[in-house]
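We count ligands from 1, going down the list as the structure has it; atoms in each ligand are counted the same way.
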Amino acid sequence: MTDRSPNGSPNAAPIWARHSRLRVVPPVQPRKLAKVPFVELADGRLQGVVSSGSDIGRVYVSSIAAGTHNYNCSTNNNRPCGGLYGAPCKHLRALVAEAVVQYGIDRVSRYLRVDVPEGADLADCLGGVHEPAPAAVVFSRFLRHLAYLEVPDTTLPIPELHWFPATGTVG
Ligand SMILES: [Zn+2]
């Protein structure tokens, strides 16, 4: 059985993809969907779905509240993220980074009501504490988002769908 790709690591983002914005800064950059398949500014939160760094089959629901910056991260089954020990985990940092790519740092910082000094990382400027928040709402929005993606004649791979062999159960 050779069902293991030698280069199958989900973390294998090419180096140019991580550093491309050092060269050009377009208002909206292409997103790496495989890492953060869903991000939105909604319900007074920056929230979204982040793939596990180690297990391609697992996703985390991460959120940061506007104003307080209190944050939460758990699996879609509401199991607390093991990376939350008094500080935002790597999923939350990935979520913030992806939101900046998606919406631009001005819009994200305005929405969260955070001051980001020139050149600083937005994630380093948040001052919240861990506060449990239900993952189910965000996750169901993600599933609805996936349903929108089920366009009839796409020839492109849709990384989001790889986690959900049974997406047909939605709706
Ligand atoms: Zn986490």
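- Contacts classified as salt bridge (charged side-chain N to carboxylate O under 4.0 Å, His left out) and involving residues 85-96 (residues at least two apart or in different chains) are given here: Arg93-Asp121, Arg93-Asp124.
- Applying the salt bridge (charged side-chain N to carboxylate O under 4.0 Å, His left out) test to every pair with at least one member in residues 110-120, sequence neighbours left out, gives no pairs at all.
- Within the structure, every pair that satisfies the salt bridge (charged side-chain N to carboxylate O under 4.0 Å, His left out) test and touches residues 131-141, not counting sequence neighbours, is listed here: Glu40-Arg141, Asp43-Arg141.
- With rounding to the nearest 0.5 Å, the separation of CZ in Arg58 from OG in Ser51 is 11.0 Å.
- Distances shorter than 2.8 Å separate the Zn ion (ligand 1) from the protein N/O/S atoms Cys73 SG, Cys81 SG, Cys89 SG, His91 ND1.
- Side-chain contact, Asn72 with His130: a donor N or O sits under 3.5 Å from an acceptor N or O.
- The shortest side-chain heavy-atom distance between Ser62 and His91 falls under the 4.5 Å cut-off.
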